[in-house]
Amino acid sequence: MSENNTPLLLRAAKGEIVDRPPVWMMRQAGRYMKVYRELRERYPGFRERSENADLAIEISLQPWSAFAPDGVILFSDILTPLPGIGIPFDIIESKGPIIDPPIRSQEQIDKLHSLDPAKDLPFIKTILQTLRNEVGNRSTVLGFVGAPWTLAAYAIEGKSSKDYSQIKSMAFSRPELLHQLLSKIADAIATYACYQIDCGAQVVQLFDSWAGQLSPQDYDKFALPYQQQVIKKVKQIHPDTPLILYISGSAGILERMGRSGVDIVSVDWTLDMADAKVRLGQDFKVQGNLDPGVLFGSQDLIASRIDDTVRKAGNRGHILNLGHGVLVGTPEENVRFFFETAKSLSYSK
């Protein structure tokens, strides 16, 4: 594929010179969109929506139809591969994921098995291949996976958590047990990420959403090595596929994220983009990082924040995004303005 036919986001992710920053949004398909809420009324189960290929394709393409972002991301969940290794889960509307029983014993960890994504997750191939066919070279198709620490946290806590007491208890009282679980999950996630790439994902984002709850020394022990385990295996098979790492609340561990082996670090909004570039190194590629709450503000405010972020990120190796997902209740016209403003930018101006 010639450079001119390669979509903008993919070119920027590979460090090529582009005319403007590509733009997409985390959680760009979802509850802020009226068409999504209407579809959810007809299909109330989250796993039904994310694991039924036709529904997941429709949802993935809703923001593409509305806003034409430079990245179209698979509609799914980070927990999707867990049943394939022996950790069933459910997602309850307004409560989030439930894993019952949670994983807390050696016996449970011993029973976990390797992932066979073609058998366990056949809908993923259909979704990604269809997305590639639908958007062609006009946008980049992104896959995503959860990183080991965050998936282990869900598995051990059994649900969302505010204090992460169960996984931290295991980390500090039975670390050998946690390391076994993290390594098994890392193997499965590497397999899953490679499968997404095989099926059509051109870029893959790793979400280690809860790793920002770790102290730097514990991040080095329980999160970073398993991110590296995933990334090393993926890069051995797909060396040219750009990988992005996102962590919420990552200001204290930013440099460590850069050591994970990913190509791009997604910066959350708690950190000034200019500071992030200094800390990572000016040549390190970055994504982000507007506060999602800005989209509740005026269009003048949105435009000024976009300008500020783009100016500080520099004219190479930046993917414009939010510092977290689009918030429920965000006005769709402001999302549209965000995309239109971003796509009107030019590095040459």
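Because the structure is a prediction, the values reported are computed rather than measured. Worth knowing before you read on, the calculation uses all heavy atoms, side chains too, and leaves out hydrogens, waters and symmetry mates.
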Residues Lys235 and Asp263 bridged, charged N to O under 4.0 Å: yes

Identified salt bridge (charged side-chain N to carboxylate O under 4.0 Å, His left out) counterpart of Asp272 within the set Lys277, Arg279, Arg311, Lys312: Lys312

Residue list, side chain to side chain contact (heavy atoms under 4.5 Å, CB included) with Pro83, at least two apart or on another chain: Arg47, Phe89

NZ/NE/NH1/NH2 to OD/OE distance under 4.0 Å, Arg42 and Glu38: no

Neighbour count above 12 (heavy atom, 6.0 Å) for Lys125 NZ: no

Asp70 and Arg20 ion-paired at < 4.0 Å: yes

Ring centre gap for Tyr219 and Trp149 strictly below 6.0 Å: no

Nearest heavy atoms of Ile231 and Ser260, plus distance in Å: CD1-O, 3.3 Å

Ser76 and Thr80 side chains, donor-acceptor separation under 3.5 Å: yes

Ring pair (Phe, Tyr, Trp, His ring centres under 6.0 Å) contacts touching residues 21-50 (sequence neighbours left out): Tyr36-Phe75, Phe46-Phe75

Enclosure of Gln236 CD (heavy-atom neighbours >12, cutoff 6.0 Å): yes

Shared-cluster residues of Val278, by chain and number - hydrophobic side chains joined below 4.5 Å: none

Worked check of salt bridge (Lys or Arg N to Asp or Glu O under 4.0 Å) between Lys159 and Asp100: CA-CA 9 Å; Lys159 59 184 189 301; Asp100 186 23; over 6 Å; no

Partner set under ring-ring contact (aromatic ring centres under 6.0 Å, His included) for His179, not counting sequence neighbours: Phe222, Tyr226

Under 4.5 Å side-chain linkage, directly or through intermediates, the cluster mates of Val328: none

Shortest non-hydrogen separation from Val262 to Ile244 and the atoms involved: CG1-C, 4.2 Å

Side chain to side chain contact (heavy atoms under 4.5 Å, CB included) against Ser161, all qualifying residues, sequence neighbours excluded: Glu157, Asp163, Tyr164

